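All ligand and atom numbering here is 1-based and tracks the order in the structure. Not measured: the values here are computed from a predicted model.
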Amino acid sequence: MSGTRRRFFQDAAVLGAGLFSLSETLRAAEPEGEQTKHAAHASPAASRAFQPMVTPDVCDLPHEMDGGVKVFKLVAQPVKKKIAPFKTIDAWGYNGSCPGPTIQVKQGERVRVIFENRLPESTSMHWHGLELPIEQDGVPYISQKPVTPGEKYVYEFTVHQEGTFFYHAHSAMQEMMGLIGFFVAHPQKDYKPRVDHDYGLVLQEWAVLPNNTVPNTAAMEFNWLTFNGVSAPMTTPLLARLGSRVRLRILNLGMDHHPIHLHGHQFVMTGTEGGRAPESTWYPMNTVLVGVAQARVVEFEAKYPGAWMIHCHLPHHMMNSMMDLLRDRAIQTADQTEEKAVGQMMSLAKSVPFEHVHPSPIAPDASSVPGFPQDAFMEMGMDEVVEKPETYGLAKNWSAGMMGMMTMVRVLPEKEYDAILMKKKMARTLAPKEQGHES
Ligand SMILES: [Cu+2]
């Protein structure tokens, strides 16, 4: 038995006899109690229930029923967004969240969105990929007047499609400030084969210069890359029970296309931003290119236990604050071998206001080798700073290898999976106010 596994069971023993009797309850409420929550919110008709997608680090948008209409309220507003333990930016979002809260409906439902603009400038809401009347399309001057600051606007339409859609402001710079969110339409008839876990990831990129908090929306180069509004290692790992089937829905609305790669498993692409793809089109892959304005849906069997990375494979998208760290090295004429460059990288790494480690040693004569440093000094282990139930039991300094547009799928044997669910439940009990922000 490995040390990690032993720790799990020691901890489980401490939790007491309640754990194993609870495990059945937890399984019934999978994923993480979300299913029951949504069924309760939906219309009385049982056929309206669906297994919701979970958007880690982003809440779902609650709704009320008005007769047969599902009513949502969305407020566009500035948002202080902590994208890394040492970096908070001034983004724009919806209902205090960036990206905006996830909207989930069932195919065939009538939807009303009461939209309010609390931004300092006019905006509108576009329903990306949805087939709806032109007056609901949310394009300023073409399908509606701009929604001015302080004004409300009501959108209403019937969702006849199924699939992974999104909502966003239809103004280029506003999109790059973070005004985007998921709009998932669950099918009338369940997809086959059914999945046990359904997760969503919004890809975003930000250009925030050192000592700045406001993203430069005119930039073409980005130094902060996020999944669901946070950079690794702050991204909450996705949990999957060993042997389960997992769906990942990945949505991109930025300036770059992102090749999203999964370690250790093959997947099939089962859908796009246009809905479900026929099974005859599925083929094995492990990297899916998610282009701008696209959604890609992949599914896989979680066959192999472990913490498997999922990340954008563009090298510069696997870093945090690259431009901050590189400084002079970003200028082509700078001498990359000089001591100053090394000193700058080390001093910046040391300047963050919390304890961290640099676990990778360097050679005694490193500075004499042309090209040094590359990844040296960029790794910052900060396990305790980003600790949460979902990170429980990971190897020491796991966070040093996690940066940028990156998270992991933790494929866990039953007892370890249940132990983490138990920890999540306990964390919720201890911090009830944060419950709404738990994925
Ligand atoms: Cu990328």
> Would you say the side-chain atoms of Asn286 and Gln266 include a donor-acceptor pair closer than 3.5 Å?
Replying inline: yes
> Will you find, in the side chains of Trp398 and Thr391, an N or O donor that is under 3.5 Å from an N or O acceptor?
Replying inline: no
Table please: side-chain donor-acceptor pairs of residues 300-307 below 3.5 Å, with sequence neighbours left out.
unit_1 : atom_1 : unit_2 : atom_2 : d
Glu301 : OE2    : Arg245 : NH1    : 2.7

>> Closer than 2.8 Å to the Cu ion (ligand 1): how many protein N, O or S atoms are there?
In response: 3
>> For Phe182, does the six-membered ring have the charged nitrogen or CZ of Arg249 within the cation-pi criterion, i.e. under 6.0 angstrom from the centroid and within 45° of the normal?
In response: no
>> On the six-membered ring of Tyr392, is Lys423 placed so that its NZ or CZ lies under 6.0 angstrom from the centre and within 45° of the ring axis?
In response: yes
> Would you call Arg247-Asp196 a salt bridge at under 4.0 Å N-O?
Replying inline: no
